[in-house]
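First the proteins, then the strands, lettered A, B, ... as listed; each starts at 1.
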Amino acid sequence: MPRFSFDIAATDGTARTGRIAMQRGEIRTPAFMPVGTAATVKAMRPEEVRASGADAILGNTYHLMLRPGAERVAKLGGLHNFMGWDRPILTDSGGYQVMSLSELTKVAEEGVAFASHLDGSRHMLSPERSIEVQRLLDSDIVMQFDQLVPTTSTGVEQREAMQRSIRWAKRSREEFDRGGEHAERAAIFGIQQGALDEDMRQASAGALIDIGFDGYAVGGLAVGEGQEAMLGCLDFAVDMLPADKPRYLMGVGKPDDIVEAVRRGIDMFDCVLPTRSGRTGQAFTADGPINMRNARFAEDQEPIEPGCPCSVCTKFERAYVHHLVKSGEILGAMLMTQHNLWFYQRLVQGLRDAISEQRLNEFAREFLGRYRRA
RNA sequence: GCGAUCGUAGCUCAGCUGGUUAGAGCAUCGGUUUGUGGUACCGAGGGUCGGGGGUUCAAGUCCCCUCGAUCGCC
């Protein structure tokens, strides 16, 4: 088995479909990776995640290093063994969480000192430590440690964070290469930063390519800038990344974001929306998202999404799911999450098929027309 | 039957010695959530202050009657 390979089977415009082959399995692209932050795709058993069509999931350096601890996971045989998922796992480096979750962060060239959101305990995350944690987890796709800044930051702050992310990318790559056996079976991705600025995106991409990575992520988007701005950025940012490597848009997104990003050449996605929304009452359907808490579903005997082949829609009615969600029942979160994961996987399968058959534009027009009509 | 305490939003209650348009939490109705804190946040509707009478410039608040609840005592 190869350590890591990416084969493009077909293209349609700037969109591509293909597969990433790794020792723990292959990832069909465009791919959607459900988020399993704390060694669990919340409310789902691993076999249910797999049954939805997911080829890989995302795990999280920040959360797992705080609890249960990376060394403990390593002692227990690695993250795959620990959580019962034997296919590829991509691990986020913690750069995003340090910005979004922890308090009292102090960013220096060495790394980031922060206080845990769980108990306030003090920790340090550097490129070296982030990669080490990901190695202890036995991650398949390791992400470089990067620095994000809020959308409200100034151009100077954005540039400094982008340049620091480049230096951290180099250190991440070097630490990864020191990983011995792990480096021989895992892959590492760099992360392009630069906010919405074309020159900064170019500088970031160029530097990452010089360092050399197995895949390249577009980072720092979907953080409040709005869809129009994000797509405008992708219009120039994606093409700066090597065409023969996977391109991963981090943290995105809504179904229509994914369709638009695939059209612009993105191959991989992760997002909390299908799982988090599942827990908070929002269900995705071809006719747009619906809030299952709404009173209009109280006696609705249709499935969540008419025509959906998932095991939730073939068995349960909206009225029942509405009741479960409103009652805060655990099963409500489970059923909603399962449906949403199926919806996302059916979407990327539809995109893969459409690209293979050179009809992506029709697919996109049809999907978006129906999805956004709501 | 007598005495005490209490009746304010669907529920639990706050409204100091009378003083703008009677509030809160929960519930209800709706919205937001993009490299996850089973969350959090935003907005809306909802009241003859148990009922009646009186005092006063002004009553949820004071007085009288009445209805109801809870507790205690014959």
Using the [atom1] atom in both, what is the distance from [N] to [M], to the nearest Å?
N	M	atom1	answer
B:G53	B:U5	C1'	24 Å
B:G23	B:U48	P	15 Å
B:G51	B:A59	P	15 Å
B:U12	B:U34	C1'	39 Å
B:U61	B:G54	P	14 Å
B:G60	B:U21	C1'	15 Å
B:U17	B:U28	P	36 Å
B:G15	B:G7	P	10 Å

Under 4.0 Å, heavy atoms only, any strand: does [X] hit a base, just the sugar-phosphate, or nothing?
X	result
A:L249	nothing
A:D257	base
A:G328	nothing
A:S100	nothing
A:T275	base
A:Q193	base

Tell me: [atom1] of [X] to [atom2] of [N], nearest whole Å?
X	N	atom1	atom2	result
A:N60	B:G38	CG	P	12 Å
A:L148	B:G35	CG	P	11 Å
A:D270	B:G35	CG	C1'	5 Å
A:M65	B:G37	CE	P	15 Å
A:Q227	B:U34	CD	C1'	11 Å

Which listed nucleotide ([options]) is nearest to the side chain of [X]?
X	options	result
A:Y96	B:G35, B:G38, B:U33	B:G35
A:H117	B:U28, B:G37, B:U33	B:G37
A:V252	B:C29, B:U34, B:U33	B:U34
A:N294	B:G38, B:U28, B:G30	B:G30
A:L273	B:U33, B:U28, B:G30	B:U33

(message) How close do A:L125 and A:S93 get, counting heavy atoms only, and between which atoms?
(response) CD2-O, 4.0 Å

(request) Taking atom types as modelled, find out whether A:R346 and A:Q349 have a side-chain donor-acceptor pair closer than 3.5 angstrom. (result) no

(request) For A:H322 and A:N294, test the side chains for any donor-to-acceptor distance below 3.5 angstrom and give the result as yes or no. (result) no

If you take the centroid of each ring, where Trp contributes its six-membered ring, are [Y] and [X] closer together than 6.0 Å?
X	Y	value
A:Y248	A:Y216	no
A:Y62	A:Y96	no
A:F269	A:F32	no

Any [X] side-chain nitrogen or oxygen under 4.0 Å from OP1 or OP2 of [N]:
X	N	answer
A:N291	B:C29	no
A:K42	B:U39	no
A:K254	B:U34	no

(message) Given the structure, check if the side chain of A:D146 and the base of B:G35 hold any donor-acceptor pair shorter than 3.5 Å.
(response) yes

(request) Take the angle between the ring planes of A:H63 and A:H117 and call it parallel below 30°, perpendicular above 60°, tilted in between. (result) perpendicular

(message) Using the rule that Ile, Leu, Val, Met, Phe, Trp and Tyr join whenever any side-chain heavy atoms are under 4.5 Å apart, tell me whether A:M268 and A:M22 fall into a single cluster.
(response) yes

(message) Output the pairing pattern of RNA chain B as a dot-bracket string, 5' first, Watson-Crick or G-U wobble with both distances under 3.5 Å, | for cross-strand pairs, [ ] for crossing pairs.
(response) (((((((..((((.....[...)))).(((((.......))))).....(((((..]....)))))))))))).

(message) Need to verify one output field. Residue with the more 5' nearest nucleotide on RNA chain B, A:A333 or A:R293?
(response) A:R293

(message) With nearest nucleotide decided by heavy atoms, which residue, A:M230 or A:L331, maps closer to the 5′ end of RNA chain B?
(response) A:M230

(request) Might you confirm whether atom CD1 of A:I330 has over 12 heavy atoms from other residues, nucleotides or ligands at distances under 6.0 Å? (result) no

